[in-house]
Structures are given as structure tokens and as C-alpha cells.
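For this chain, numbers begin at 1 and follow the sequence in order. Computed from a predicted model, the values in this text were never measured in an experiment.
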Amino acid sequence: MASRQEPWTKLAHSKKSPGWVAYNPKTMRPKPLGDGTAHMKILSYNVNGLTNVSSGQFSALAQRENFDVLCLQETHLKEGDVKDFKELIAGYDHSYWSCSVARLEYSGTGVISRVKPISVQYGIGTAEHDQEGRVITLEFDNFYLVNAYVPNSGRGLKRLVYRVDDWDPCFSDFVEKLESFKPVIVAGDLNCACQEMDIHNPAAKADDAGFTVEERESFEINFTMRGFVDTFRKQHPKAVGYTFWGENQRRNNKGWRLDYLLQDPSLTGYMIRTFFRM
């Protein structure tokens with residue numbers, strides 16, 4: 001019973017190193033801010049197909065987490081499907097959707113907010129990168145929120161060169177330009193394991209998308225070396241981010257963290273870190 005209530009307890013690293021601390025959302029999530037502190041709460045969630053999750057589940061999530069903004073990745077929606085999700089959660093009257101036009105029902109992002117943004121931008125302004133609905137940027141009074149579903153390197157690493165030589169630098173430049181006006185928060189699926197290891201088979205992932213040396217180096221060059229701060233790693237430098245939890249209890253960890261949201265096994269997908277610049 002405990003494993004159903006606490007699914008992260010099943011994610012035991014096969015080759016745990018001395019000093020590693022497993023991520024436990026009950027003890028390691030940041031404490032809630034006081035009622036007198038002005039703030040916005042942002043959740044980011046890769047849904048692995050939005051039609052897999054019901055509006056009731058999202059409403060329960062909103063009630064439990066009381067978030068202000070929900071960022072969604074890999075929605076798999078076509079433009080004609082968006083109208084069915086415009087009012088996904090009662091009280092969240094502002095939603096914005098970007099769908100793939102290169103391949104229908106592929107990729108896609110969405111943002112649902114109860115706070116109306118000042119402006120909304122779709123894509124990063126480059127036609128080459130804006131055909132798959134991967135980026136939505138919302139401008140609020142004090143910051144920009146960028147919701148991104150970064151393309152992975154694909155099966156057989158067919159898109160590795162595109163990813164590290166083209167997309168990563170362009171996306172980083174896009175965020176840096178925004179920052180010249182206001183602080184930027186990047187929330188989404190960056191499709192790179194960063195400093196993490198695959199919990200199931202850490203020794204055999206060098207050729208898998210998200211785990212290659214090229215992707216890790218690109219992440220460092222285009223994000224961390226340019227001033228981005230990994231919020232999870234900053235809070236928990238010695239923790240191992242056990243991450244992927246879905247209804248089928250899959251163990252194909254991709255390097256992102258498990259969080260409280262996924263205590264509900266009916267919600268497939270995974271939580272994603274946010275990145276910001278100090």
C-alpha cells in the first residue's frame with residue numbers, strides 16, 4: 001500500500017553510489033510561502049498525450065496544488081482539438097496552445113493560467129524551429145515564463161546534430177534576448193539528463209537520446225555556463241532525481257525529477273524542473 005501512495009519508493013537505483021540521497025518529495029519540496037508573500041506558483045508537466053488525462057484529474061490537481069500556472073508539454077493535440085481543452089480547469093480562464101503543423105498530433109505545448117499575461121508569443125521566431133509547437137512564452141508583470149518541449153535526438157540519434165548544433169544555441173539566444181527586458185523562468189522538458197544517471201541501467205545509456213556526451217556538453221555550454229540555474233540541483237546538490245512514474249510503472253528514467261504530483265498513479269507523465277537565471 002505504501003508503494004502506491006509513495007511511488008518513488010519503487011525507484012531504487014541499481015548501482016547506487018556512496019553519499020547519494022534519493023529524492024523524496026515529502027521531505028525535499030520547498031516549504032510553502034507565507035500568505036503575506038506575493039508569489040505565483042508554476043507547475044510543469046509532460047502529459048505524454050493530453051487526451052490520456054481527464055479534466056477531473058486536472059481539477060483535482062488544481063485543488064490540491066493551488067497553482068497559478070500550469071505548463072504542459074507533449075500534448076499531441078491538433079489545432080482542431082484545442083477548443084475541447086480551452087476550459088480544462090474551472091477558474092483558470094486563460095489558456096494558450098501551440099500545435100505541431102509539421103506532423104499532426106505530434107509534440108505540442110500548452111499553458112493554463114488563472115492570471116492573464118501581458119502578452120503571449122508562440123515559438124522562438126525562427127521558422128526552422130517553430131513547426132512543431134514546442135515553445136510558448138508568457139509575459140507577466142515581473143518576469144517571462146517560457147514553456148518549452150525541447151526536441152530530443154530521436155531514435156538512433158538521427159536528430160543529434162540538429163539538437164546540439166542548431167536548436168540548443170538558438171533557444172538559449174532566444175531566452176537571453178528576453179532576459180534583457182525582464183527575468184526569465186524556463187519550465188518544461190529539456191530532454192537532457194544533465195547531471196543525472198538512468199536509475200535502471202546507468203552504465204548503458206551513452207548512446208541513448210538525452211544521455212549522450214554531446215547533449216550533456218551542449219546543455220552545459222548553452223545553459224549552465226550562460227547563467228541558467230538548475231533549481232533542483234541548487235536545492236539538492238547531492239540528491240539523485242528519481243523521476244519517471246506513470247500508470248504502467250515504467251522505469252525508463254530520462255533524468256528528470258519525480259515530484260508530489262505523481263503520487264496519483266492515474267496521472268501519467270512526469271514533472272519537469274524549472275530553470276532560471278540568477
Side-chain angles (χ1 to χ4, degrees), residues 42-55 57-59 61-62 67 69-89 92-113 117 119-139 144-155 158-159 162-163 166-168 170-171 174-175 178 185-192 209-210 243-244 246-247 250 252 254-256 261-262 266-275:
I42 300 167
L43 291 187
S44 182
Y45 180 33
N46 182 310
V47 294
N48 192 26
L50 189 57
T51 55
N52 295 329
V53 188
S54 72
S55 59
Q57 290 168 325
F58 274 117
S59 296
L61 170 65
F67 56 79
V69 185
L70 176 63
C71 299
L72 304 173
Q73 303 89 41
E74 203 171 356
T75 57
H76 291 175
L77 296 182
K78 295 181 294 186
E79 291 183 353
D81 299 330
V82 167
K83 61 180 182 301
D84 295 330
F85 295 91
K86 276 288 187 181
E87 299 178 1
L88 187 63
I89 310 173
Y92 293 78
D93 299 328
H94 313 287
S95 68
Y96 309 93
W97 306 88
S98 186
C99 303
S100 172
V101 295
R103 296 168 57 184
L104 299 182
E105 298 182 320
Y106 176 74
S107 185
T109 48
V111 181
I112 298 171
S113 176
S119 66
V120 181
Q121 178 178 342
Y122 299 92
I124 62 176
T126 305
E128 178 185 2
H129 303 311
D130 292 344
Q131 299 300 307
E132 296 179 345
R134 292 185 175 273
V135 178
I136 301 176
T137 302
L138 273 61
E139 178 188 3
Y144 286 100
L145 171 62
V146 180
N147 177 32
Y149 178 40
V150 173
N152 66 28
S153 297
R155 292 184 180 179
K158 292 181 179 179
R159 298 209 297 179
Y162 165 74
R163 163 67 189 274
D166 203 349
W167 170 275
D168 281 355
C170 288
F171 181 60
F174 168 74
V175 175
L178 288 177
I185 296 173
V186 178
D189 188 343
L190 303 188
N191 259 317
C192 182
T243 65
F244 199 105
E247 189 172 11
R250 290 176 288 181
N252 56 329
K254 295 299 181 185
W256 303 111
L261 164 63
L262 301 184
S266 65
L267 288 172
T268 60
Y270 46 98
M271 291 290 291
I272 308 299
R273 296 179 189 169
T274 58
F275 286 74

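Across C71 and A187, no two heavy atoms sit closer than the pair SG-CB, 4.3 Å. Across all their heavy atoms, L88 and S59 have their closest contact at O-OG, 4.2 Å. Closest heavy-atom contact between G125 and D130: N-OD2, 2.9 Å.
Note: L50 CG to L77 CG = 5.0 Å, rounded to the nearest 0.5 Å. Atom CG of L178 is separated from atom CD1 of I185 by 12.5 Å, given to the nearest 0.5 angstrom. Atom NE2 in H76 sits 9.0 Å away from atom CD in E105 (nearest 0.5 Å). One finds the CZ atom of R134 at 11.5 Å from the CZ atom of F171 (value rounded to the nearest 0.5 Å). Here the CD1 atom belonging to I89 is positioned 10.5 Å from the OG atom belonging to S113, to the nearest 0.5 angstrom.
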Using side-chain contact (heavy atoms from CB on, under 4.5 Å), reason through T75 and F85 one step at a time and then give a plain yes or no. CA-CA 11 Å; T75 57; F85 295 91; over 6 Å; no
**OP:** Applying side-chain contact (heavy atoms from CB on, under 4.5 Å), run through I112 and F67 and close with a yes or a no.
**Re:** CA-CA 10 Å; I112 298 171; F67 56 79; 5.5 Å; no
Could you go step by step and tell me if K83 and W97 meet the side-chain contact (heavy atoms from CB on, under 4.5 Å) rule? CA-CA 10 Å; K83 61 180 182 301; W97 306 88; over 6 Å; no
**Request:** Tell me, with the steps shown, if T109 and V135 meet side-chain contact (heavy atoms from CB on, under 4.5 Å).
**Result:** CA-CA 7 Å; T109 48; V135 178; 5.9 Å; no
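Paired with Q73 under the rule side chain to side chain donor-acceptor pair (under 3.5 Å), one option of N147, N191, D189 passes, and it is N147.
Summarising the local packing, NZ of K86 is surrounded by more than 12 heavy atoms from other residues, nucleotides or ligands at distances under 6.0 Å.
For Y122 and Y96, the ring centers sit 6.0 Å or farther from each other.
Not a single donor-acceptor pair under 3.5 Å links the side chain of R163 to the backbone N or O of N152. Under a 3.5 Å cut-off, the side chain of S100 and the backbone N or O of G108 do not form any donor-acceptor pair.
When only modelled atom types and interatomic distance are considered, T137 and Q121 share no side-chain donor-acceptor pair under 3.5 Å. Between the side chains of H129 and D166, at least one donor N or O sits under 3.5 Å from an acceptor N or O.
With sequence neighbours left out, the salt bridge (charged side-chain N to carboxylate O under 4.0 Å, His left out) criterion links E79 to no other residue.
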